[in-house]
Amino acid sequence: MNARQEGTQAGMVYVLLIALLAASVGSLFLHLGPWQPVILLVIAAVQASLIVLYFMQVRSSTPLIWLLSAGGFLWLAILLLLVLSDYVSRSWVW
Amino acid sequence: MNARAILYEQFSDLEQQRESSLAGIWAFIASEIMFFGGLFLAFTVYRLNYTQAFNEASQHLNLVLATLNTAVLLTSALTMALAAASNKMGWKYSTLLLLMVTTLLGALFLAIKGIEYIEDWHKGLFPGSAFAWTGSDPGHVQLFFVLYFLMTGFHALHLMIGMGLILVMLLLTWKGWINSRHFMPLDVTSIYWHFVDLVWIFLFPLLYLLGAKI
Amino acid sequence: MSWALLIAQIQFLPDQASKMAGRVDLLFIYLIAITGTVTLAVAGVTLFFLAKYRRNAAADRSPPASSSLPVEITWSVIPLVIFIALFGFGAKIYFRESVDPRDALEVHVIGKQWMWKLEHLQGKREINELHVPLDQTVKLVMTSQDVIHSFFLPSFRIKEDVLPGRYTTQWFTPQKVGTFPIFCAQYCGTNHALMIGQVVVLDAADFAAWLRTGRETASVAQRGEQLFHSLGCSGCHSPQAAVRAPLLEGLYGSRVPLTDGRIVNADMRYIRDCILLPKTEIVSGFDPVMPSFQDRVSEDELFALITYIKSIGSPQPEVTVPDR
Amino acid sequence: MPPVLQIIDLKDSQATRSYLTKQTLRSWLLTTDHKRVGLLYLYTIIVFFAVAASAAAVMRLNLLTPRGDLVQAETYNKLFTMHGVLMVWFFLIPSIPSVLGNFLLPLMLGARDLAFPKLNLLSWYIFVFGGGIALYALLIGGVDTGWTFYTPYSSTYSNSHVALMAAGVFVAGFSSILTGLNFIVTTHKLRAPGLTWFRLRLFVWSLYATSVILVLATPVLAMTLTLMALERIWKVGVFDPALGGDPLLFQHLFWFYSHPAVYIMILPGMGVVSELIAAFSRKRVFGYTFVAFSSLAIALLGFLVWGHHMFVSSQSVFAGVIFSFLSFLVAIPSAIKVFNWTATLYRGSISLDTPMLYAIGFIGLFTIGGMTGLFLATLAVDVHVHDTYFVIAHFHYIMVGGMVMAFMGGLHFWWPKISGRMYPELLGKMTAIVTFLGFNLTFFPQFILGYLGMPRRYHAYPEQFQVYNVLSTAGASILGLGYVLPLCYLIWSCCYGKPAGNNPWGAKGFEWETTSPPPSENFEKPPVQTEEAYAYPVPSSEPITE
């Protein structure tokens, strides 16, 4: 995969990112209501994974790099989920 | 100009040295993700509790400037990726040019951010003594702006660090230290720059789009 | 201090002043038994091996297997089973104690840097002292005026943090007459160690007599009613008011629909937040015109107002959402 | 001035030029040699340990009497904060990873140095800079919030130098992140040929697990302290109840770091004990893979259990039940380790030298510490004993009884390799026993105090608790002696100790194949691992008369 292909691939990824940006801003006009946050976060997640896989070349890296890059996001998920388990269940009555 | 690479004595070959640098920056990126994670947690918890106030507050932010800023940052990610690719091809001058464009785009982002901050200041949205909020629920709205200025402030700080690193890379490429065989420092900087871009990709929808009303 | 007095002080368990204290102590004994045997077993085996296989001692040292899955599984599964049982036992007691007691004697507790202010519904107020009747569940509704404190009654084995800006609750049923210590368990500043007091448990007759001592004071609800008028609440919250405002009769314990579509339990937290931050949870069909009473109402005045609103609340038993 | 290690030319050892030969100031302050950075850390943490331990001594003296006559309340609060902050961030967390870890990891992997030597020196400078800020904050008036910095007291009501101390800890946190990062990359990338993951030393496994926690947990602390300090300076912040902020959010963020931090402190100690048990019973560690994976399991599960610090903090009942269950799960890997150590002794050829005494002491005290952790994980019991001396006794059994004993054991075990000298054996054994007894007398009475209901962080207490406090203070003085003695005889041994050969203990491992003290480049020719770890020959059945 020589640098020329790498350059064109970067260009394609860039176009996709800008399109996703337009999509997320555009989705505001559709007044999706409760689905709004879900759509926005899905688009952001797709943009993020595009950048991680292509621009940060994790796709062509060793399994160790996959582990380290996934580890950060996994731990963030642990922090968010367990803390939210407290906040969400504060008003439960039994 | 023959491209020479430096092999530090604790590594046995160049390949091992490259993989070590990659593993090192990725471990650091994992720690940076957790650093911003604390702020994202605070935002998520408070937005769940005070959705009404947070929506109202984010409607007072300038959505146009923010969307423009996101586009600027995505473009700088492209030029950074192209710079890393062209360096591997050994095209020194195109690498220098692309790095300069990336720095300029970074500076443009900071400029737009500055304009936004000044506008927010004049609207009396800066928390603390200067906070003037006529609408409902000033306490929780001020909480939103505390988080807004903290998150975008830390992001801008990391962006400046990234721009500093790119300037160093510019110097090293210009002096020939970084070339097609010794490209690791530039790859590490590009990964850091893409991380800063990654943070903004999540900041933008959370702060601007979730509450936007069009 | 004579040695006899010193020895006489040796206690291992604090006195059990409530049934729950007995249950917690039983669980504590179970824990000591289990962990004690495991610790002694490990220490015993270790010392035995140290003695038997000393470097210069003759012993059969043909090499044993350096790893064996069945052994590892047994000493993983057995502790797991024991731990699940202990967890269940602890959670059961904790769970049962977290259910809100229906007909409890309510006492308002205000933690303030380095003292406890307590207030009975009949209007009697105490500092660092709490008189309660025997065999009657006492429910403490607590808040703090400054930092986080923690109301700790070791003899009843209960403790709950007291947070600023929120109500936290806990309850106990005294089974033994006597005086028992109150401690502040969460570090709260310079005199954290002096923020202590006493719970005085009296039998029913003495308690009734105690209530009548001291000068006659209005009950908390009556004080709340006076505040309701003096602060101008009755100006809007009454049927013949000029401004359209939700009527508070029957509000307490009911479910309130809000403008943003959520439906909230009208408990003490909701009423408190409406008084201090009126523009956050607006009742649907009303516009946010109510002024905020933040920094205009003290904690005990808030307690009084809320108790008054509870007294004109709906007749069916109160559903307080535990604030934790 | 740190004790300079002179080297009288060792007649028999062929290493005329070891890593300690060049003694210029520049060679110490600009070294990238992992061994020297390890020693720099050793000198620094001794200073912090001395300051923190003296604070503890004054506290224990003050608690002799119920009214606490020695110091005022304000001073006592500053003392326990100083004791907490300095011990946690400037002694317990850096000690084994940064001293023994820095010195031994490349040696045990058969490498010349860590992956990023310059980064390693940078992490020491960051550590000293952070420590300097913390000490400065203590000198100009100290902090009275406790090492937990709970808001709103720390952010609004305390008028001590909280923001400055938070800055000191913030800076020192980066030294942890950089050390963790360095160890992860070194363990992955710089292993000697033939050294597969399952031939790695168990100390390397525990350092790897610790580094994962260091890298992933410390940044959350950095953010939490920054938010707290900003709220203090800016008067407006994320945890401010007046704005609707929630003090519990600070506790969640703080304990998300601080519980894994206690595993940062104990895991390296477990690694050292695995080494000591194997070396002194001349036998493979029983269940090598289980002990190795239990280090990783502790590191991963350690991130899921922090809620047990908040059972009574008005956290929801549902979250309390979840965290209680997960806290029981995290006890399983520790139990597996203890059982495997005990099984390793079976049919071994055990010699009770000083390091082994410390290791056996560790097993006993760590078991008690771990078991009392179960009391705190049980919901109903924790409601009663939370924030009392029961908790103080629990974590001191783990920290002092576990980690510091392991650090002492490791220090004595590798001292011949570090300094090329043997420490006085009899004095070492005596000190180990004195430390063990002093420790138990200090902290076991505190379990009883805790269940009786004496809250922590009290400068004065009701009379009925005095008996146990007097016992505890008596124990503290013996414990203090147990720590001063090694400092003396280890320094003494640097100059007058018996020269130690390459392998004074006859132990297996790359670091015992090179000279002591080792040359700067660690090995004349890079070693190759041919067999599994701890492959001791079968000990003969007849008694060995040495």
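What you see is a predicted model, and the numbers here were worked out from it, not measured in a lab. Letters A, B, ... mirror the listed sequences (proteins, then strands); counts begin at 1.
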Shorter than 4.5 Å, heavy atoms on both sides: which option in Leu249(D), Val236(D), Leu243(D), Leu221(D) has the most such pairs with chain B? Leu243(D)

Return the option, out of Ser211(D), Pro117(D), Ala111(D), Pro526(D), with the maximum number of heavy-atom pairs under 4.5 Å with chain B. Pro117(D)

Distance-only side-chain donor-acceptor flag, Ser86(B) / Thr95(B), under 3.5 Å: yes

With only heavy atoms counted, which part of Leu227(D) is less than 4.5 Å from chain B, the side chain, the backbone, both or neither? side chain

Do the side-chain N and O atoms of Trp177(B) and His182(B) include a donor-acceptor pair separated by under 3.5 angstrom? no

Between Asp240(D) and chain B, with a heavy-atom cut-off of 4.5 Å, which part of the residue counts as in contact: side chain, backbone, both or neither? neither

Among Glu511(D), His34(D), Arg112(D), whose side-chain hydrogen bond (donor to acceptor under 3.5 Å, both in side chains) with Asn522(D) holds? His34(D)

Select, from Leu214(D), Ile184(D), Asp246(D), the one with the greatest count of heavy-atom pairs under 4.5 Å involving chain B. Asp246(D)

Please test Phe239(D) against Leu253(D) for side-chain contact (heavy atoms from CB on, under 4.5 Å), starting from the C-alpha separation and ending with a verdict. CA-CA 11 Å; Phe239(D) 309 118; Leu253(D) 281 168; 4.3 Å; yes

Over 60° means perpendicular and under 30° means parallel, so classify the ring planes of Phe40(B) and Phe36(B), tilted if in between. tilted

Winner by heavy-atom pair count (cut-off under 4.5 Å) against chain D, out of Ser31(B), Gly38(B), Ser21(B), Ala53(B): Ser31(B)

Between His188(D) and Tyr208(D): side-chain donor-acceptor atoms closer than 3.5 Å: yes

For residues Asp113(D) and Tyr8(B), is any side-chain donor paired with an opposing acceptor at under 3.5 Å? no

Residue part contacting chain D, namely of Tyr50(B), when any heavy atom lies under 4.5 Å: side chain

Could you look at Leu190(D) and say if it's the side chain, the backbone, both or neither that has a heavy atom under 4.5 Å from chain B? both

Side chain, backbone, both or neither of Leu114(D) within contact of chain B (heavy atoms, under 4.5 Å): backbone

Verdict with reasoning, Phe103(D) to Tyr19(D), per ring-ring contact (aromatic ring centres under 6.0 Å, His included): CA-CA 11 Å; Phe103(D) 191 91; Tyr19(D) 76 103; 5.7 Å; yes

Give, as side chain, backbone, both or neither, the part of Phe28(B) having an atom under 4.5 angstrom from any heavy atom of chain D. both

Is Thr226(D) close to chain B through its backbone or its side chain, or both, or neither, when contacts mean heavy atoms under 4.5 Å? side chain

Looking only at Val146(B), Ile33(B), Val45(B), the option with the highest number of non-hydrogen pairs under 4.5 Å against chain D is Val146(B)

Contact class of Leu216(D) relative to chain B, heavy atoms under 4.5 angstrom: both

Leu22(B), part contacting chain D, at a heavy-atom distance under 4.5 Å: neither

Interface residue of largest heavy-atom contact number with chain B, from Leu178(D), Thr218(D), Val238(D), Val220(D), under 4.5 Å: Val238(D)

When you compare the side chains of Trp200(B) and Thr70(B), does any donor N or O come within less than 3.5 Å of an acceptor on the partner? yes

Measure from the ring center of Phe43(B) to the ring center of Phe54(B) and say whether it is less than 6.0 Å. yes

